[in-house]
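Presented below is the structure to which this report refers.
Whatever order the structure lists ligands and atoms in, that order sets their numbers, starting from 1.
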Amino acid sequence: MRDLFRKRRMWKFSSELKKRYDVVIVGGGAHGLATAHYLAKHGVTDVAILEKGYIGSGAAGRNTTILRSNYKTPEGARFYDASVKLYEGLATELDFNLLFSQCGHLTLAHTDRAMFVMANRAEVNRLEGIDSRLIGPDEVQELAPSMYVGSDTTYPIMGALYHPPGGIIRHDAVVWGFARSAWEAGVELHPYTEVTGLRREGDRITGVETAQGTVEAGTILNCTAGWSSLLCDMAGVQLPITTHILQACVTEPVKRFLDVVVVSSQMHVYISQSDRGEFVMGSEIEPWTTYRMQNTLNFLQDLTRHTLELFPQLERARLLRAWAGLCDLSPDYSPILGRTEVENFHVSAGWGTYGFKAAPIVGKTLAELVATGRTPDLIAPFALERFYEDRLVSELAAAAVSH
Ligand code: PYC
């Protein structure tokens, strides 16, 4: 009984950097923390996580918490399916309530072309054993009775891709659970420790420079999401990435009336209701490149107009907050994962708008790569060389919203 009420420390930050670590992970978000958690399972615990802000202050704290695996390519669907499966067991594994709600995910189709794309995705998904199917407007209405599906709208709903295992999870909890687990295993967490340079000699990185001093590392992992190409530049590694912002916002809590995630590529919105009752809504990626994480009036106007077409009952709901996050977009909209030409420098990059949902599988596969020296089959298609070898994995049509 006493154990049940035992106070369990979340973590303690390390103030001093050691001179050397077996592994330095740059980026204390969901990917970096998950990798540390899985490295510990391989017995690799001489690890430091260097984060320039607070833990979870980057993309891990700026997403809209959606999980799904209904991708267009077999490579993408397989990879995200493995991630969803890890997420399903993660609360137990981390002994931390992650508030995962597998409420289902609807991608609406408003044109013949969109119906064709959804049918194609459903086929690919089912071949991979993923629960995903094309449904008509009646079933859409059954799943989302509060959504307006009338034909007198700008974008009448012709059907949807229905993906029952999709849903939402509490993003902060994912960060906190991974951070606690990694810290308990002996990993050092260094927030407010910005990497300012990487020393490279030949094919190796020999030093990681920070304002708190320079450290050596056997392996360095770039898990910096929106900043990934900047860190790669420091290593002399070029990533084919452009950096954009994705904006989102949240309403005040209202009585529960939506039990499924709703996405529309043509209306450029994705909408869900959080466990607290707030409507969490996001829009499409901005087409210009920037590191300026500021919301725009256009975003609010377009997003609210389209959301109100689907949910006119939100007309009087007040917005609590809006935010923007950085997206590092690759040319084929798939991630860039694994080795680079620098022997001891690996990347988790190119996540565009779907990095958060990949966190556990990125952690597991990167940890395997570091611990065994072998690239797991699941991430082999996402190697950086694909851009030089013409082996693109085009996920364009499976973005939550059009890019
Ligand atoms: O890929 O599901 C998605 C997504 C939702 C918001 C941004 N991306």
Side-chain angles (χ1 to χ4, degrees), residues 29-31 58-73 75-77 79-81 83-84 87 100-109 114 117-118 121 124-125 130 132 160-171 174 225-226 243-250 258 260-274 278-287 293 295 299 302-303 306-307 310 322-330 332-335 350-362 393-403:
H31 287 201
R62 291 171 173 272
N63 56 80
T64 44
T65 81
I66 297 170
L67 303 186
R68 64 184 177 93
S69 60
N70 56 356
Y71 282 72
K72 188 192 118 197
T73 62
E75 296 90 338
F79 176 76
Y80 280 96
D81 183 44
S83 203
V84 168
Y87 266 122
F100 185 15
S101 160
Q102 282 189 293
C103 52
H105 183 284
L106 284 177
T107 312
L108 305 179
V117 171
M118 298 307 150
R121 274 170 68 180
V124 171
N125 292 173
I130 296 168
S132 172
L161 181 66
Y162 177 43
H163 177 47
I168 47 177
I169 195 164
R170 181 72 201 279
H171 58 320
V174 172
T243 307
H244 305 252
I245 54 165
L246 186 67
Q247 306 186 56
C249 62
V250 61
L258 180 64
V260 65
V261 180
V262 173
V263 174
S264 165
S265 309
Q266 277 112 43
M267 295 169 85
H268 311 303
V269 287
Y270 35 95
I271 305 168
S272 65
Q273 190 169 15
S274 77
E278 302 144 334
F279 269 71
V280 180
M281 304 166 296
S283 185
E284 69 178 331
I285 208 162
E286 299 303 338
M293 286 185 272
N295 288 107
F299 151 74
D302 290 351
L303 179 88
H306 287 140
T307 302
L310 295 170
W323 62 92
L326 290 186
C327 297
D328 49 335
L329 206 60
S330 76
D332 60 0
Y333 303 88
S334 284
W351 291 104
T353 62
Y354 17 75
F356 173 69
K357 53 182 67 58
I361 195 61
V362 166
V393 186
S394 176
E395 269 305 347
L396 179 59
V401 283
S402 65
H403 288 310

Open item on the list: Which of the numbered atoms in ligand 1 are under 4.0 angstrom from any heavy atom belonging to T64?
Closed with: 6 (C)

Open item on the list: S330: which residues meet the side-chain hydrogen bond (donor to acceptor under 3.5 Å, both in side chains) condition with it, sequence neighbours left out?
Closed with: D332

Task: From CA spacing to verdict: side-chain contact (heavy atoms from CB on, under 4.5 Å), L326, W351 - done: CA-CA 10 Å; L326 290 186; W351 291 104; over 6 Å; no

- [ ] Give the numbers and elements of all ligand 1 atoms closer than 4.0 Å to a heavy atom of K357.
- [x] 1 (O), 2 (O), 3 (C), 4 (C)

TODO: Provide the number and element of each atom of ligand 1 under 4.0 Å from a heavy atom of I66.
DONE: 2 (O), 5 (C)

Open item on the list: Looking only at the side chains, is there a donor atom on one of E395 and T73 sitting less than 3.5 Å from an acceptor on the other?
Closed with: yes

Task: Interfacing atoms of ligand 1 (cut-off 4.0 Å, heavy-atom, Y354) - done: 1 (O)

- [ ] Can you sort out the partners of E278 under salt bridge (Lys or Arg N to Asp or Glu O under 4.0 Å), two or more places apart, ordered by chain and number?
- [x] R276

- [ ] Identify, by atom number and element, the atoms of ligand 1 in contact range of T353, meaning under 4.0 Å from any of its heavy atoms.
- [x] 1 (O), 4 (C), 7 (C), 8 (N)

Task: Interfacing atoms of ligand 1 (cut-off 4.0 Å, heavy-atom, R68) - done: 1 (O), 2 (O), 3 (C)

TODO: Kindly state whether the ring of Y354 and the ring of Y71 have centres lying under 6.0 angstrom apart.
DONE: yes

